[in-house]
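Since the structure comes first, as structure tokens, the remarks are kept for the end.
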Amino acid sequence: MNTASRLALSASALLGAALLVVGCASGGQQPASSADPDDSNSAPAPGSGDDFEAAWLDDGRMFAIVSWGSSTCIPMVEDVTADGQTVTVTLTEAASGDAEGGDGGDTEQACTADLVARASIGALPEGVDPTKDVEFTVTLGDMTDDAELDGNPALTGGPGEQTEYTPSAGWFDDEGIVLLTWGSSSCPPIVEGVEEQAGGATVTFKTEDRMCTMDMAPRATVIGLSGDVDDDDEFTLTLVGDNLDATVPVQRG
């Protein structure tokens, strides 16, 4: 058994889940970090930092775009459109928050200088078929690049359909998974450890008392693996702790 404790960055959507899922032609999502960039348990997810990757989520109703940059300034999905099986996604760099300026006004906080994988969640536009190959054209600031997802016949959710609010997960490369959970936008999951085993991994979340808003929002958690996993094989995440207990198959793309 190969065990590794790897904490990956968690992102949450501050927009209501219904708005994100129903408003699928163009939807916004404001993520927030749940991980301390200085946490000694943290480990960067794989990636070169100069491209985008994509993952299937929510049985094909949703997708994640993975980018690399500051853990405290996670991009949000500003706009999503589709032309056939080509999906155009515009991301905006989300600031880490507002701080009170000396004159009583709000000033934008600086982003941390770390480099981690961040997942931005969007709803797949109606008319796009997740069982067929999809090409994403993604723009973030001055950078535009493509990310491709292979069609997956196991994805039976239709874009524009109501979500079932159950956890889901998808590969974005052979060392990284995006996990989607649902819950309070102000209390995203905090990964305490990842233990890999044949055919899957157990993800343990930190359970702690927190003051949480009562909304129901999608939260994306990027999980980095050891690199000896074949994403063509069946792989299952076992979620433990923080009321997230579930068994989640990881979808190929």
_Run the side-chain contact (heavy atoms from CB on, under 4.5 Å) test on I121 and D58 for me, step by step, so that the C-alpha distance in whole Å, both residues' side-chain angles and the decisive distance to 0.1 Å come before the verdict._
CA-CA 10 Å; I121 305 173; D58 199 29; over 6 Å; no
Identify the heavy atoms of [X] and [Y] that sit nearest to each other, and give their distance.
X    : Y    : value
L237 : A169 : CD1-CB, 4.0 Å
P188 : S185 : CD-O, 3.9 Å
Q251 : A154 : OE1-CB, 4.0 Å
P159 : P125 : CB-O, 3.3 Å
P167 : V248 : CB-CG2, 3.7 Å
T131 : L155 : CG2-O, 3.5 Å

Quick check: does any side chain N or O of [X] sit under 3.5 Å from a backbone N or O of [Y], one acting as donor and the other as acceptor?
X    : Y    : answer
S71  : V116 : no
D145 : D51  : no
S186 : T213 : yes
T238 : T202 : no
Q85  : D133 : yes
W56  : D150 : yes
D173 : G176 : yes
E196 : S226 : yes
N152 : R252 : yes

*Before giving the answer on side-chain contact (heavy atoms from CB on, under 4.5 Å), spell out for W68 and E53 the whole-Å C-alpha distance, their side-chain angles and the decisive distance to 0.1 Å.*
CA-CA 10 Å; W68 284 263; E53 300 289 349; 3.6 Å; yes
*Have a look at P218 and tell me which of L57, T181, L180 forms a side-chain contact (heavy atoms from CB on, under 4.5 Å) with it.*
L180
Spacing of [X] atom [atom1] and [Y] atom [atom2] [to the nearest 0.5 Å]:
X    : Y    : atom1 : atom2 : value
L244 : L239 : CG    : CG    : 6.5 Å
F172 : I65  : CZ    : CD1   : 11.5 Å
C73  : R118 : SG    : CZ    : 8.0 Å
R61  : L124 : CZ    : CG    : 11.5 Å
M143 : S67  : CE    : OG    : 8.0 Å
S120 : E93  : OG    : CD    : 8.5 Å

*Are V240 and I190 grouped together when hydrophobic residues (ILVMFWY) are joined by side-chain heavy atoms under 4.5 angstrom apart?*
no
*Is the number of heavy atoms from other residues, nucleotides or ligands within 6.0 Å of CG (D83) greater than 12?*
no
*asked:* For F136 and F52, I'd like to know if the aromatic rings sit close, meaning centre-to-centre distance below 6.0 Å.
replied: no
Scan side-chain atoms only and decide if [X] and [Y] contain a donor-acceptor pair under the 3.5 Å cut-off.
X    : Y    : value
S70  : T112 : yes
D59  : T156 : yes
T207 : D242 : no

*Would you mind reporting whether L91 and V77 have side-chain heavy atoms less than 4.5 Å apart?*
yes
*Taking it one step at a time, do F63 and V128 satisfy side-chain contact (heavy atoms from CB on, under 4.5 Å)?*
CA-CA 12 Å; F63 63 88; V128 181; over 6 Å; no
